[in-house]
Number of protein chains: 2
Amino acid sequence: MQKRVSLKDIAKKAGVSIATVSYVLSKQKNSGVSEEVSDKIRKIAKELNYRPNQIAKSLQSGKSHTIGLIVADISNPFFAQIARIVEDEAKKNGYTVIFGSSDEKASKSGDLIKFLLNRQVDGFIIAPSEASENQLQQLKEQKVPFVLIDRYFPEIETNFVAIDNQKAAFEAVSRLKANGKERIGMIAYDTKLHHMKERVKGYRDALTSEKYQDQLLQEVEFSKIKEDVPKAIDKLLSGEYPVDAIFFATNTLGVTGLKYFNEQNINVPDDIAVIVFDESEAFDFFYCPLTFVQQPLSDLAKKAVNVLAEQINKPTDKVSKIYLNTKLVIKKSCS
Amino acid sequence: MQKRVSLKDIAKKAGVSIATVSYVLSKQKNSGVSEEVSDKIRKIAKELNYRPNQIAKSLQSGKSHTIGLIVADISNPFFAQIARIVEDEAKKNGYTVIFGSSDEKASKSGDLIKFLLNRQVDGFIIAPSEASENQLQQLKEQKVPFVLIDRYFPEIETNFVAIDNQKAAFEAVSRLKANGKERIGMIAYDTKLHHMKERVKGYRDALTSEKYQDQLLQEVEFSKIKEDVPKAIDKLLSGEYPVDAIFFATNTLGVTGLKYFNEQNINVPDDIAVIVFDESEAFDFFYCPLTFVQQPLSDLAKKAVNVLAEQINKPTDKVSKIYLNTKLVIKKSCS
DNA sequence: GTTTAAAATTTAAACGTTTAAATCTATATA
DNA sequence: TATATAGATTTAAACGTTTAAATTTTAAAC
């Protein structure tokens with residue numbers, strides 16, 4: 001990599017001090033320097049194709065103008081979409097984004113946080129993984145600005161941008177009931193993460209019959225949904241009282257479940273009604289249009305960036321807890 | 001953000017010079033410093049939870065250990081998957097990834113490159129957009145290490161990791177012919193990008209009848225595929241000799257096309273046979289299993305990182321032009 | 001008890017910026 | 001003409017590291 005031109009080079013060529021060059025090039029308004037000199041400096045800077053060294057600026061200012069985005073998996077369309085919006089919104093605010101995938105593992109997210117902190121990121125947007133409370137607590141102690149997205153821990157006072165998972169789930173399941181479904185199963189992740197627990201809560205709230213509830217909720221592990229979802233479905237469909245509807249707690253679970261339905265020639269909605277939390281491009285091709293809970297991804301991500309930017313610029317102890325509205329998009333699959 | 005602890009703080013506490021601390025903490029082997037002192041320093045460093053300031057290191061070393069990844073759109077699963085693998089492979093090599101989306105616009109990619117160069121990235125992995133040759137040429141002149149991925153410009157000598165698009169397309173279309181298809185249309189992007197031209201070339205090579213070829217190839221614009229793909233399909237299916245097969249040049253085009261088929265109740269493969277370049281989760285739900293050209297995404301991304309890392313560590317003028325193999329995954333849609 | 005060499009530690013400069021403070025240069029004022 | 005004042009420019013320190021070179025300390029050799 002060729003040596004880049006610095007203020008020093010310009011100063012030498014212009015026959016002035018580095019400081020003068022800096023004043024000319026870094027101040028918008030002509031602060032002090034004479035027209036003559038500043039014109040000359042700007043001309044030379046252009047000639048030499050000067051590009052300020054952000055690293056040096058960062059060292060000097062203590063700000064890197066970089067934010068760290070930590071999600072479960074950047075290749076998951078849900079997070080990829082968030083990433084894209086974060087990218088655009090961050091750029092508008094003058095920030096660069098460094099991302100990292102935690103694979104839902106606290107150890108990975110911990111490493112990631114340390115790594116990015118070394119890189120002097122100014123703040124974080126995090127979709128936290130299970131058992132990462134202590135990491136967030138530490139960030140708080142070190143007064144590192146951060147905003148949670150998609151998930152949050154109710155017992156920790158932090159900024160977050162999320163949805164009302166319980167309400168959204170309640171609405172969805174209520175819809176199934178309204179459509180006459182009597183035994184509604186749910187497939188969720190086996191995690192303590194609050195957003196998932198809320199979805200389960202909303203589901204439970206909507207159920208009136210208390211019976212069999214334990215068997216109706218199937219929880220699968222993040223790392224082995226390929227095996228666990230089919231098993232869960234089998235369980236829900238077997239026995240004396242097979243379910244007549246399934247509520248999938250995420251798009252990934254939904255996709256996996258629907259694939260299994262296809263393999264087994266289980267028809268939606270004739271054999272079973274379905275509602276999925278979140279959407280997926282894949283659903284567009286499912287033979288039966290799917291009812292799903294739509295999250296305001298774009299607003300979620302934008303808000304997160306804005307809250308973070310504010311927090312970086314004027315840190316306060318007041319936290320922003322933002323809930324955005326979801327929408328239940330009703331199609332044939334739940335009837 | 002709380003002030004972080006620096007070498008200075010440790011030095012003060014330990015009663016030694018900053019240099020000594022640096023020697024202890026930055027050298028793996030005990031270079032010179034006595035056991036006693038170095039133990040003490042390490043202990044204090046741990047106590048204070050010292051984390052080296054990468055920014056300062058970067059300024060000093062001229063290396064940021066950061067690479068810039070520029071793709072068309074991070075929210076496109078094709079690129080999101082690449083991003084994920086790049087992330088993992090980069091981490092293995094000690095690099096952080098900053099990403100940016102160009103939206104297939106040269107202007108955006110140009111801005112992005114400048115922006116990231118200011119951030120002192122050590123190198124780039126780029127899926128270049130149309131008319132961005134001059135940007136790459138400039139990078140070459142400035143001796144900035146970079147590797148192209150997915151696309152490349154044959155007239156510019158650069159590192160790249162790609163596939164043989166012509167061959168892959170040829171194979172795909174040949175398959176359609178072998179299955180008795182006689183009028184095979186293609187829907188491609190209207191771009192000068194070489195990879196797309198190669199796909200078209202491969203398609204043309206496979207066609208034997210020379211007639212009507214101009215009408216058989218439909219090119220649509222990146223920015224308005226939603227409108228253009230349906231139009232293109234209408235054209236291909238109307239007239240005296242409607243096509244009996246369509247070859248989609250990318251997964252995005254395929255997804256859009258198949259949606260339109262559904263709207264119009266056009267059946268695959270009865271009404272029309274289909275092959276798509278690239279895969280998509282969505283295809284799993286299409287009623288008819290789709291034949292597609294499978295790219296070795298993971299290897300592509302890994303290779304790109306490795307070539308780049310090598311280029312950064314020992315720059316040479318020799319370029320690596322790497323082609324990886326594709327696989328035609330044959331399903332019912334092309335019969 | 002010197003001398004000398006080796007080992008341990010420190011000094012100082014550098015990376016490319018910013019910016020307060022100091023200095024220098026005009027010009028206006030008396 | 002001397003002086004104050006504003007304007008223009010430079011000096012120097014700082015951000016947190018690294019590292020060559022200089023210095024100091026320790027220990028060995030005589």
Side-chain angles (χ1 to χ4, degrees), chain A residues 1-42 44-45 48-66 94 117-122, chain B residues 1-42 44-45 48-66 94 117-122:
Chain A
M1 183 124 60
Q2 206 175 274
K3 205 184 144 291
R4 311 218 17 226
V5 348
S6 69
L7 291 184
K8 204 177 181 178
D9 301 314
I10 299 177
K12 204 184 300 170
K13 193 146 185 180
V16 298
S17 73
I18 293 175
T20 308
V21 179
S22 173
Y23 281 125
V24 172
L25 264 27
S26 64
K27 292 297 190 312
Q28 48 287 61
K29 12 109 135 269
N30 254 29
S31 62
V33 186
S34 70
E35 277 286 308
E36 197 197 337
V37 174
S38 60
D39 283 354
K40 185 173 168 191
I41 287 173
R42 266 189 279 267
I44 295 178
L48 299 183
N49 189 28
Y50 170 72
R51 303 256 146 233
N53 182 328
Q54 272 298 332
I55 295 271
K57 282 194 185 188
S58 295
L59 180 58
Q60 148 73 28
S61 67
K63 299 252 146 275
S64 64
H65 289 282
T66 298
L117 235 28
N118 289 358
R119 244 76 178 175
Q120 309 297 120
V121 295
D122 291 339
Chain B
M1 185 125 57
Q2 207 173 272
K3 206 185 144 293
R4 312 221 12 229
V5 348
S6 68
L7 292 184
K8 203 175 178 179
D9 302 315
I10 299 177
K12 203 183 301 171
K13 193 146 186 179
V16 298
S17 73
I18 293 174
T20 306
V21 180
S22 173
Y23 281 125
V24 172
L25 263 26
S26 64
K27 293 293 188 313
Q28 50 287 63
K29 11 108 135 272
N30 254 28
S31 61
V33 186
S34 68
E35 278 287 309
E36 194 198 340
V37 173
S38 59
D39 283 354
K40 183 173 169 192
I41 287 173
R42 267 191 278 268
I44 295 178
L48 299 182
N49 188 29
Y50 170 74
R51 303 254 146 234
N53 182 328
Q54 270 299 331
I55 294 272
K57 282 195 183 186
S58 294
L59 180 59
Q60 148 73 29
S61 68
K63 300 253 145 275
S64 63
H65 289 281
T66 298
L117 234 28
N118 289 357
R119 243 80 175 172
Q120 309 298 116
V121 296
D122 291 340

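Residue numbering restarts at 1 for every chain, and letters A, B, ... go by the order of the sequence lines.
For the pair B:Ser61 and D:dT18, the criterion of a side-chain N or O lying under 4.0 Å from OP1 or OP2 is not met. Within the 4.0 Å cut-off from OP1 or OP2 of C:dT11, not a single side-chain nitrogen or oxygen of B:Ser17 is found. For A:Ser34, a side-chain nitrogen or oxygen approaches OP1 or OP2 of D:dT9 to under 4.0 Å. For C:dC15, the OP1/OP2 oxygens have a side-chain nitrogen or oxygen of A:Lys8 closer than 4.0 Å. Within the 4.0 Å cut-off from OP1 or OP2 of D:dT18, at least one side-chain nitrogen or oxygen of B:Ser22 is found.
When side chains are defined from C-beta on, A:Asn118 counts as touching B:Arg4, because their heavy atoms get closer than 4.5 Å. For the pair A:Tyr50 and A:Leu7, the minimum side-chain heavy-atom distance is below 4.5 Å. For the pair B:Ile55 and A:Gln60, the minimum side-chain heavy-atom distance is 4.5 Å or more.
Rounded to an integer number of Å, the gap from CD of A:Gln60 to C1' of D:dG16 is 12 Å. Atom CG of A:Asn53 and atom P of D:dG16 are 17 Å apart (whole Å). In this structure, CG of B:Leu59 is placed 17 Å from P of C:dA13, rounded to the nearest angstrom. Between B:His65 atom NE2 and D:dT17 atom P the separation is 15 Å, expressed in whole Å. Put simply, CD on A:Gln54 is 13 Å from C1' on C:dT18, counting in whole angstrom units. Distance B:Arg51 CZ to D:dT17 P: 12 Å, rounded to the nearest Å. The interatomic distance linking A:Ile55 (CD1) with C:dT18 (C1') rounds to 16 Å, in whole Å. Atoms OH (A:Tyr23) and P (C:dA21) sit 11 Å apart, rounded to a whole Å.
In the displayed structure, A:Glu36 atom CD is contacted under 6.0 Å by at most 12 heavy atoms of other residues, nucleotides or ligands.
Nucleotide D:dA28 is matched to C:dT3 when pairs are restricted to Watson-Crick or G-U wobble geometry with both distances under 3.5 angstrom.
Nearest heavy atom pair, residue B:Pro52 against residue B:Lys57, reads CB-CE, 3.7 Å.
Comparing D:dT9, D:dT17, C:dT10 against the side chain of A:Val33 picks out D:dT9 as the nearest.
Heavy atoms of B:Ser6 sit under 4.0 angstrom from primed sugar atoms or phosphate atoms, though from no base atom.
Heavy-atom distances to DNA chain C give each of A:Tyr50 and B:Ala19 a nearest nucleotide, and the one nearer the 5′ end belongs to B:Ala19.
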